[in-house]
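Quick notes on the structure that follows.
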Amino acid sequence: MAVITVERNILEKNEQVAEQNRNQFIKLKLPVFNLLSSPGSGKTTLLEKLLPRLMDKSPGVIEGDLHTNRDAERIDMLGVPVVQIVTKGGCHLDALLVKNALQQLDLENIHLLFIENVGNLVCPASYDLGEYKKIVIISTTEGDDKPIKYNTMFSKADLCVINKTDLLPYVEFDIEKAKDFAKQVNPTLEFIQTSAKTGNGLDDLATWIRSQSII
Amino acid sequence: MHETGMAYEILNIVSKTLDKHPGKRLLSVKVNIGQMAAVVPELLQSAYTSLIFQTPLDHSRLDIQIIPVQGNCLNCNKTFTLEEFVFACPYCLSQDLKVTHGDELHISSIEVE
């Protein structure tokens with residue numbers, strides 16, 4: 001009977017491709033943001049309102065969904081280069097899907113990249129795509145205790161966007177409670193409040209994106 | 001979450017290791033799973049059992065070690081387990097922490113004969 005050392009990570013395949021992606025982004029000096037949330041928080045609408053404020057940065061988008069090109073079509077209407085990944089059942093994007101999607105983008109002429117992940121607050125937290133920063137989006141129509149229920153996701157995020165603030169008068173969502181819960185699992189998490197519907201907070205979000213220099 | 005896919009990857013990596021040791025029979029695989037990794041050990045165990053069924057690796061064991069979330073306080077320098085992932089030092093209440101363990105999805109070794 002003998003013990004043989006292995007010392008390898010179970011997800012090493014994804015980690016290796018994520019590192020390749022990350023190195024490519026660093027070489028291109030391309031900041032890449034992974035947008036994460038549950039379905040229906042407003043990720044695509046937020047992007048639709050955000051991108052026009054960042055056109056001088058020549059943004060590009062990678063969209064991830066189980067089915068349809070609907071989100072990519074919406075981004076395409078803005079004149080922003082976009083690739084749709086259709087997972088057909090996969091509940092998260094992985095580094096290889098992103099690597100393949102990158103080949104369909106003219107990366108020399110894109111200076112800001114958003115990856116809109118599949119709507120899911122669980123699995124995407126475990127699959128590094130090679131991104132620079134993770135942005136988790138929570139909306140006021142969800143529970144303000146989401147951050148402690150989905151602690152792995154919130155602990156790994158760099159920015160938390162609280163969206164649909166226009167609905168605050170009609171819901172029980174307590175912004176300060178949500179922020180406190182989030183800070184319990186991630187003390188350095190930053191927060192921006194937005195309403196993609198009214199445009200409130202979108203300038204702040206654009207400013208934050210601009211401030212994220214990859215150099 | 002994704003326990004079947006992970007069991008598959010474990011077996012992939014283990015098979016590659018066994019290829020380097022021909023003639024050896026797998027007895028067990030030791031894995032470290034962090035509490036923050038969102039993996040249900042029972043599901044990983046049953047996925048492993050299903051995947052090895054009626055293969056040469058049948059009857060091998062998956063030994064899962066759960067690694068608690070551990071932090072080191074950069075303020076008072078104490079090390080502790082984080083309860084429910086609440087990021088605060090239980091000694092001095094500082095939130096200036098470094099998480100040292102809890103996110104592992106790691107195959108440490110295999111036992112063969």
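The basis for the numbers below is simple: all heavy atoms, side chains too, and nothing from hydrogens, waters or symmetry mates. First the proteins, then the strands, lettered A, B, ... as listed; each starts at 1.
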Within the 3.5 Å criterion, strictly below it, is a donor on A:T44 or A:E116 matched to an acceptor on the partner's side chain?
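Their side chains do contain a donor-acceptor pair, which is all the 3.5 Å distance test asks for.
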Going by distance alone, is a donor N or O of one side chain under 3.5 Å from an acceptor N or O of the other, for A:R74 and A:T45?
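A donor-acceptor contact under 3.5 Å links the two side chains.
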Below 4.5 Å from any heavy atom of chain B, which atoms of [X] appear? Answer side chain, backbone, both or neither.
X: A:K156; result: side chain
X: A:Y127; result: side chain
X: A:T5; result: both

Chain B contacts, top residue of A:I4, A:N9, A:V3 (heavy-atom pairs, under 4.5 Å)
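Going by pairs under 4.5 Å, I would pick A:I4.
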Sort out for me which of A:M1, A:Q184, A:R8 touches chain B most, counting heavy-atom pairs under 4.5 Å.
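Answer, by heavy-atom pair count under 4.5 Å with chain B: A:R8.
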Indicate yes or no: at least one non-hydrogen side-chain atom of [X] is less than 4.5 angstrom from one of [Y].
X: B:I52; Y: B:L62; value: no
X: B:I10; Y: B:L44; value: yes
X: A:V136; Y: A:L121; value: yes
X: A:I110; Y: A:P81; value: yes
X: B:L11; Y: B:Y48; value: yes

Taking side chain as everything from C-beta outward and backbone as N, CA, C, O, which of these in [X] sits under 4.5 Å from a heavy atom of chain A? Side chain, backbone, both or neither.
X: B:S108; answer: both
X: B:N12; answer: side chain
X: B:L105; answer: both
X: B:D103; answer: side chain
X: B:L97; answer: neither
X: B:A7; answer: neither

Any ion pair linking A:E19 and A:R22 (charged N to carboxylate O, less than 4.0 Å)?
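A:E19 and A:R22: salt-bridged.
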Max heavy-atom pair count under 4.5 Å with chain A, selected residue of [options]:
options: B:V86, B:V31, B:I13; value: B:I13
options: B:E113, B:H21, B:K16; value: B:H21
options: B:H106, B:E9, B:Q95; value: B:H106

So A:T194 and A:N163, side-chain hydrogen bond (donor to acceptor under 3.5 Å, both in side chains) or not? Walk me through it.
CA-CA 5 Å; A:T194 61; A:N163 194 33; 2.8 Å; yes
